[in-house]
Amino acid sequence: MATLTRQDLNFGQVVADILCEFLEVAIHLILYVREIYPSGIFQKRKKYNVPVQMSCHPELNQYIQDTLHCVKPLIQKNEAEKVVMVIMDKEHHPVERFVFEISQPPLLSISSETLLSHVEQLLRAMILKISVCDAVLDNNPPGCTFTLLVHTREAATRNMEKVQVIKDFPWIVADEQEVHMEEAKLIPLKTMTSDILKMQLYVEERTQKN
Amino acid sequence: MDYLYLDNIDEFVNDQNKIVTYKWLSLTLGVHVNTAKQMLYHYLQQKRNEGSGTPLHATYLVSGKCVENGSKCHKVSVVREDKLNAVKAKMDVTISVHVYSVQRAELKDSSPLYNTDYDAVKENIKNCNKYSTIRCAAAVPMSSAEVQRAQEMALVPPAGKEISKTGLNENTSATPKPSAKQPAGIMGMFASKNASKSQESSKEVKTEQKDDSSLVETSKSKTASKANPMSNLFGKSAQKKADEKPNKSVKEETAASSTAPAIMEQSQTSPKSKIDIKDEQSKVSSALKVESKDTRNKTKRPEVVDSDDEKMESQQKKRRRIKKPQPDSSDDEVVPDSPPVPNVQTPSPKKQVKREPVSHQEESSEVKRRKRRRVLKSHTFVDEEGSFVTEKGYVSESYSESEEEPEPNSQAKDSSSLKQSFGKREEEKKEKREKKTSTANKPTKQPSIMGFFQKK
């Protein structure tokens, strides 16, 4: 029916909303499955018609929401290439990196009525894959922390700094050691392709975790 | 019987790292559910005997009779393998045990089990019990006229409820075609009804405690018969739950729809043992149209829970809808004022305070809005000598207007900061309370993360 282009900001907003909601759920789920935080702070909620574990801790939730709030404009303009969730051990060396590679097709056509339910189905599958990822990953050492990185295309962050999206929530250039991991094993988890969004999820895991 | 299926299962489990439930397997391979269960068992035995390769984990479905709090009940639960023997020992009579799923991952909770079956069942929704043994001649799909009528009637009464759907769900359910609407509505109902129906059926269990052995059978045979007895049976429970739905036809429909998934879900697990019922239920899709019930029970989860036991009897008290921070009806203060809002929640929350079998109950109980509860609070004050003293003590905290607490200011700042994030409703309540957690309660020090965890 309608053929929308990237310039159609409304549609970009829709995609960004969908993606940010998904990333929030995925991040919470990874925190639960990889046992970064005690499971007591998690509560079952429903998303995409299936139960997911979301944290109840206010500061944690706020942090994740603020992060994604800043990422959203980048996604809207299709400038975000990867969103990475890095899990680091006590010495701040990364042990695992969950990489969400995102790409959006330049020309979108919403021809199907069931587009969104199809996307929902694909996202559900991604959630399921995250839930079972502990089968392919080794256990993490205790006392891990996490951080979120965004890889952008070109120099999008320069614009971001000009438009400070959230005050008191500054973004800094990531340390080299967080971005690159030594002796990394690549474990693909899931790929999804749809009319509005393409996403690939894989994990880079350090061979020696302890 | 050829053994190709072993290779199939092996591929699913090891290569694709999938969770293989018996239901999913039966729909994927096109075999009867009992065959699927046997296939999984056989596969598990073979792999365990080989003793090679990656470790496999399995979950089992156990059903049997036991005595809970002095009353007999029929318990159906999905348990992890390591808890299997413990659960079996707790039951007086174990009626059936079979493999529920096989996977490589060690599951921390039961959500992926539901997720696995969701799409497979959704695709086959018109004949999702093709391979099961539950049949019911009375359960037939409603015509679209009936569906629309039911929806209109259902939309009118529940005024006080909000639909807590995500944006995506709204989009999917807003499709104009009724056929497209059916799957979304059905799946929503399916998901939400599973839990609520087991509550209703558990109510039957409670109300008809005449004969234990035929307890479940009685309820099932009753539901299997005509629509009128069904509605009468559910009349009590449905009435309690749905005061806002005086319509009998709506009730019948609820009854018909509700029994179908619940009984099917339960019976699918152990069909042989309940054969003497001779019940027949067919499509779930039959009467599951009531969107408003959808909304109320939207946030329900199906019967499968974490490794904790599933108790049919306690489900009615569990009231999962309260678990989720809904911005609507779980508000205790609002409940007595607005009759349309299901007021059965008022008695159940009180029981629910004690009956939280789920592991993260601590957090949930803090989320629940009770009228009264005793909370461990610490009071910090300056004593006669001018030194700071922090005392911990149980304080009865109330959400009503009555003054109870002597120390309003020292309301644990941790818990207050925690509550901030639990939705507007909570904060509205706080504002309503004339004293205590008013603006004077800005935390004077930054709440630490560990303080949060200690609040358990």
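Since the model is a prediction, treat every value here as computed from it, not as a measurement.
Remark: side-chain polar atoms of K108(B) are paired, donor with acceptor, to backbone N or O of V33(A) under 3.5 angstrom.
Remark: T116(B) engages no residue in a side-chain hydrogen bond (donor to acceptor under 3.5 Å, both in side chains) (not counting sequence neighbours). With sequence neighbours excluded, no residue forms a side-chain hydrogen bond (donor to acceptor under 3.5 Å, both in side chains) with E81(A).
To the nearest 0.5 Å, atoms CZ (R124(A)) and NZ (K122(B)) are separated by 5.0 Å. The line from CG of D109(B) to OG of S39(A) is 9.5 Å long, rounded to the nearest 0.5 Å.
Residues A135(A) and R104(B) approach most closely at O-NH2, 3.5 Å, considering heavy atoms. Shown here for Y114(B) and N49(A), the closest heavy-atom pair between the two residues is CE2-O, 3.4 Å. Residue A105(B) comes nearest to V132(A) through the heavy atom pair CB-O, 3.7 Å, listed as atom of the first residue, atom of the second, then distance.
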Query raised in the report: So Y48(A) and N115(B), side-chain contact (heavy atoms from CB on, under 4.5 Å) or not? Walk me through it.
Result: CA-CA 10 Å; Y48(A) 313 126; N115(B) 200 345; over 6 Å; no
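The number of heavy atoms from other shown groups lying within 6.0 Å of NZ (K185(A)) is above 12.
Neither the backbone nor the side chain of Q62(A) comes within less than 4.5 Å of any heavy atom in chain B. Both the backbone and the side chain of N17(B) come within contact range of chain A, judged by heavy atoms closer than 4.5 Å.
Side chains of K44(A) and S110(B): a donor on one and an acceptor on the other come within 3.5 Å.
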